[in-house]
Structure formats: C-alpha cells, structure tokens
Peer 1: 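First the structure, which I've put down as structure tokens, then a few questions once you've had a look.
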Amino acid sequence: MTLLILIIVLALIFDYINGFHDAANAIATVVATKVLTPFQAVVWAAFFNFLAYWVFGFGVADTVAKTAHTMEINLVVILAGVIAAICWNLLTWWLGIPSSSSHTLIGGFAGAAVAHAIAVHGFSGYVGEDGATHYWYEIVSWYKAGKDGGMPSGVIIIIAFIVLAPLIGAIASYLISIWLLNASRKSLGPKIFTIALMLATIWFVYVQMVSYEEIVEHGKPRFESHFWSVVFDSHNIKWFLVAFIILTVSAFCLIFSSLNLHQADAALKKMQLLSSAAFSLGHGGNDSQKVMGIIAAAVAVYINTNPGVHMDAWLDVVLPNDDAGIKGVMPSWIPLACYSAIAAGTLSGGWKIVKTMGSKITKVSSFEGVAAETAGALTLYFTEHLKIPVSTTHTITGSIIGVGLTKRVSAVRWGVTVSLIWAWILTIPISALLAGLVYFILSVFI
C-alpha cells in the first residue's frame, strides 16, 4: 500500500510539473500579443484547466491506463515510468524545449513495462495463462482494433498522432486564417460561406447530442432535471463548446469587413480570450486524464498483485472493459486532484517555453493568435472524443506553424521548428530507455 500511495503522490507531482511545463501552450500567444500580462494569462489558463473537470469524461484516462497489460506488471513498473517522465519533463523545461508531457508519460510507462517483461521472461517466448506463447514486447498494448469499426487504440496510434496532431492543427489554423482573411473583404461570397458553416455546425452538433434516456442508460445523470442533465453531460458539453467556438468566430466574420483596423484589432484581442480559454480547457481535459489513467492502472495492478485485498472506497477504481461489459469506476477525488494539480502547475508558469512558443516559431499577432488557438482547441476536442492522448504542445506548435504559412513559407523559423520536431521524435524512446534503467535500479531495492 505504501508503494501505491507513493505512486499516486508522484503522479500528482508529475501533473503539477506538466502544468508549468505546458503553460506556454495556452498562454504564449496571448502574452506575445499583449492581450494579457503573464500573470493574468496564467491565472486565466489555470482557471480553465480546472474547469475542464466538469467538461470531459475519462476516455483518454482509460487509453493511458491500458498502455501496458496491467495483469502482467507490478507497481515498480509504474513507479519507474512516472520517475522517468518527471526527469525528462524537468530536463526539457530547464532547456526551454516544448516537448510532450503526454508522450513522456506513455514512453516511460511502456519502457518500464518492457524492461519488466525482459527481466522476468528474458528474450525467449513463454507460455501465458491462456496457454499461448508470448514474447517480452507483447506486454505493451501496441495496437487494438476499434470496437464495431471504431477508432483503434494502442501505442502505435499514439505515436501516429505525433505527426497527425500537429498536422491537423496546422491545416485547421491555415484554413481558419484563410477564412478570416477572406471575411475581411467586402464581398458576398465569404458571408454566404460563413452562414452555411453556421447552419452546418448547428445541425452537426444537434446530431451528436446524447439524449436523457441514453445518459440514464450509461450512468447516473448529474442533475434531477432532464434539461440540465442533458446540457451538462460531459459528451454534450464538448459539442456545445465546439458550436460556441465556431459560431462566435462566424459572427465575427460576418461583421469583419465593416470594421476599421482599430476596431478589428480590438475585437480580435477579445476573441483571443475566448480561444485561449477554449485551448486551456482542452489542455486540462487532455493532460489531466493521463495522470488519472496512471493512478487507475496503479490501483488495478495493486489489486492484481494482492488478490483478495479489500480496497477502501477512496481507492475503489475499476478499469472499464467493453468486451466483458464492465463499466469504469473513478472516485471523484482522483479527477479533482488531477485537475487541481495541473491548474496549480499552470499558475507557476513556464517562461522559457513561453518565449519559444510565442515568438521564436513565427511572429504572432492577435489575428494569428485567434486562428492558432481556435484550431488547437478544436483539434484537442476532436482527439479527446476519439480517446486519443495527444500532445497539446505538438498541437499548438502545429497550429502556430499553420498560421505562419498563410503569410509565406519563410515566415516560419524552420531552424527552431526542426529542433522541436527532433525533441518530439526522441521523447518516447528516451523516456522508455530512461524508465527501463530506473526500473532495473528500483528492482534491486524494492
């Protein structure tokens, strides 16, 4: 039990570090454009990091918890993974490199699990409880097909989104920038397009809504009132937010051409508050869930390695299993603690990375800030819906690059960008190797 408590404490410390390591993701553009002072920006971002507690479910947490097969590992594996993730996060923060806290955690967890499999079974095959022959590398959940043709999961999908998340962010921010640029012209075409987009958004979000009957079927409603239960269901809130973001930008586009330069800049600065808030929500929802997943995995491993143990209600965590029809259970203190830790970390700021994100990649104005943050927020909501843990760092960096490309290719400082990409590529393997080393060291003493 002591080891389990230690893992939970270290996981929350990692969550705090994640907050100040990734604070730049949400506040770099509002600081660079002087919409908010650095202090105001971190308070703003921290508030919406914490607000994500009431918005998002636990899909990403479930994905992270199943990075390795919990039936085949012990608590030392998870402890080694968390320690390695903390070390790599602190090193990259000190060097001012906006690496991915998400991939650090995934890499650490997977690397420690592989080291454990090698230590126990060696490199040769072994017969598992199912009677089949298994190998050391199978301890990690590399790929799992989606249920009923849905989105597949596994470490390979997470690795794929190292490329896909910034690419989606870049494409989205590029398209939003083009949309805004055309909306500034006094012509009818952009307004017709904007109205059509507004109608399409309303229809799409309406189709995605979950009814009260479905909410009751899948779990306990948040309120006695049918209306408020539907409005504040975590699935529905995400789509309401998507609609609100798109409709707000659309409303601005409809009046953009009638504003003078000063009025347009003032309106864009106010919209940056909305876009940065939306991105901070996505950051809190995406990154806090990863720590929830680690804590859930630790509890599952503790139960597996101590059969018949009675768990207190505050640690009564159950990982969902769609194949067996088991619904997940997460005591409310876990998400509350995780969201509080990341919000506190964001309040601490991370000024070295703010400088890299806010000025070194490309020069950012209010116009670019709105486009980049809006694209980043929509990308995070989309990937969270698919239960894919992506890097908020990669997402906003890709979005900033996409904005820079609307001016000209040379507007992006590619030397800085290439250095960032190398950090992204190396994060998972270095974290995995570091976690493996930490595992072997810990195994001597524990």
Side-chain angles (χ1 to χ4, degrees), residues 26 29-30 33 35 48 55 165-209 231 235-282 362-386 395-396 398-408 411:
T29 58
V30 287
T33 55
V35 172
F48 285 97
V55 175
L167 182 61
I168 293 170
I171 292 171
S173 64
Y174 181 83
L175 293 175
I176 291 171
S177 299
I178 297 298
W179 176 29
L180 289 169
L181 285 169
N182 282 283
S184 66
R185 301 188 176 95
K186 296 182 182 296
S187 56
L188 190 59
K191 290 181 173 56
I192 293 174
F193 170 81
T194 298
I195 292 171
L197 181 63
M198 293 173 78
L199 294 173
T201 300
I202 292 169
W203 171 81
F204 177 78
V205 171
Y206 175 76
V207 170
Q208 297 298 320
M209 290 295 101
V231 170
H235 175 87
N236 290 344
I237 289 178
K238 275 184 296 188
W239 293 116
F240 285 140
L241 285 171
V242 168
F244 180 70
I245 293 166
I246 295 175
L247 294 177
T248 302
V249 176
S250 298
F252 172 76
C253 286
L254 290 176
I255 63 169
F256 195 2
S257 61
S258 64
L259 303 177
N260 60 39
L261 190 62
H262 176 72
Q263 290 172 326
D265 187 58
L268 283 166
K269 285 187 175 182
K270 290 177 181 177
M271 286 179 63
Q272 257 199 286
L273 293 175
L274 169 66
S275 60
S276 66
F279 189 85
S280 294
L281 265 175
T362 188
K363 190 178 185 303
V364 179
S365 66
S366 295
F367 177 92
E368 282 93 8
V370 168
E373 288 163 349
T374 301
L378 293 175
T379 302
L380 289 180
Y381 296 166
F382 169 71
T383 52
E384 198 280 338
H385 176 67
L386 296 176
T395 303
I396 194 63
S399 299
I400 293 172
I401 290 171
V403 164
L405 290 174
T406 60
K407 292 179 280 190
R408 60 186 185 281

Peer 1: Looking only at heavy atoms, which two atoms of Gly402 and Ser173 are closest? And how far apart?
Peer 2: CA-OG, 3.3 Å
Peer 1: Quick one: ring pair (Phe, Tyr, Trp, His ring centres under 6.0 Å) partners of Phe382, sequence neighbours excluded?
Peer 2: none
Peer 1: To the nearest 0.5 Å, what is the distance between NZ (Lys238) and CD (Glu384)?
Peer 2: 4.0 Å
Peer 1: Quick one: closest heavy-atom pair of Asn182 and Pro190, and the distance?
Peer 2: O-CG, 3.3 Å
Peer 1: Of all the heavy-atom pairs spanning Gly376 and Phe279, show the shortest one and how long it is.
Peer 2: C-CD1, 3.5 Å
Peer 1: Begin with the C-alpha distance, continue with both residues' side-chain angles, and end with the deciding distance and a verdict on side chain to side chain contact (heavy atoms under 4.5 Å, CB included) for Thr248 and Phe244.
Peer 2: CA-CA 6 Å; Thr248 302; Phe244 180 70; 3.8 Å; yes
Peer 1: Tell me the closest heavy-atom pair linking Ala267 and Leu259, and the distance in Å.
Peer 2: CB-CD1, 4.5 Å
Peer 1: As a quick check of understanding, evaluate side chain to side chain contact (heavy atoms under 4.5 Å, CB included) for Leu274 and Val249, giving each step before the final call.
Peer 2: CA-CA 10 Å; Leu274 169 66; Val249 176; 5.7 Å; no
Peer 1: Say you draw a straight line from CG of Leu181 to CD1 of Ile176; how long is it, rounded to the nearest 0.5 Å?
Peer 2: 12.0 Å
Peer 1: By the definition side-chain contact (heavy atoms from CB on, under 4.5 Å), identify the one residue from Val370, Val35, Ile245 that meets it with Met271.
Peer 2: Val370
Peer 1: Kindly give the heavy-atom pair with the smallest separation between Ser258 and Lys186, and that separation in Å.
Peer 2: CA-NZ, 4.0 Å
Peer 1: In Å and rounded to the nearest 0.5 Å, what is the CD1 to CD1 distance from Ile396 to Ile401?
Peer 2: 10.5 Å
Peer 1: Nearest 0.5 angstrom please: Thr374 OG1 to Gln272 CD, how far?
Peer 2: 9.0 Å
Peer 1: Within this structure, what is the CZ-CH2 distance for the pair Phe256 and Trp179, rounded to the nearest 0.5 Å?
Peer 2: 12.0 Å
Peer 1: Quick one: pull up CG in Asn236 and CG in Leu241 and give me the separation to the nearest 0.5 Å.
Peer 2: 11.0 Å
Peer 1: Going by the rule side chain to side chain contact (heavy atoms under 4.5 Å, CB included), which residues pair with Ile202 if we only count those two or more places apart in sequence or in a different chain?
Peer 2: Leu247
Peer 1: On a heavy-atom basis, which atom in Leu281 and which in Tyr381 lie closest, and how many Å separate them?
Peer 2: CB-OH, 3.6 Å
Peer 1: Phe240: which residues meet the ring pair (Phe, Tyr, Trp, His ring centres under 6.0 Å) condition with it, sequence neighbours left out?
Peer 2: none
Peer 1: If you apply the rule side chain to side chain contact (heavy atoms under 4.5 Å, CB included), what do you find for Leu254 with Ile195, and how did you get there?
Peer 2: CA-CA 8 Å; Leu254 290 176; Ile195 292 171; 4.1 Å; yes
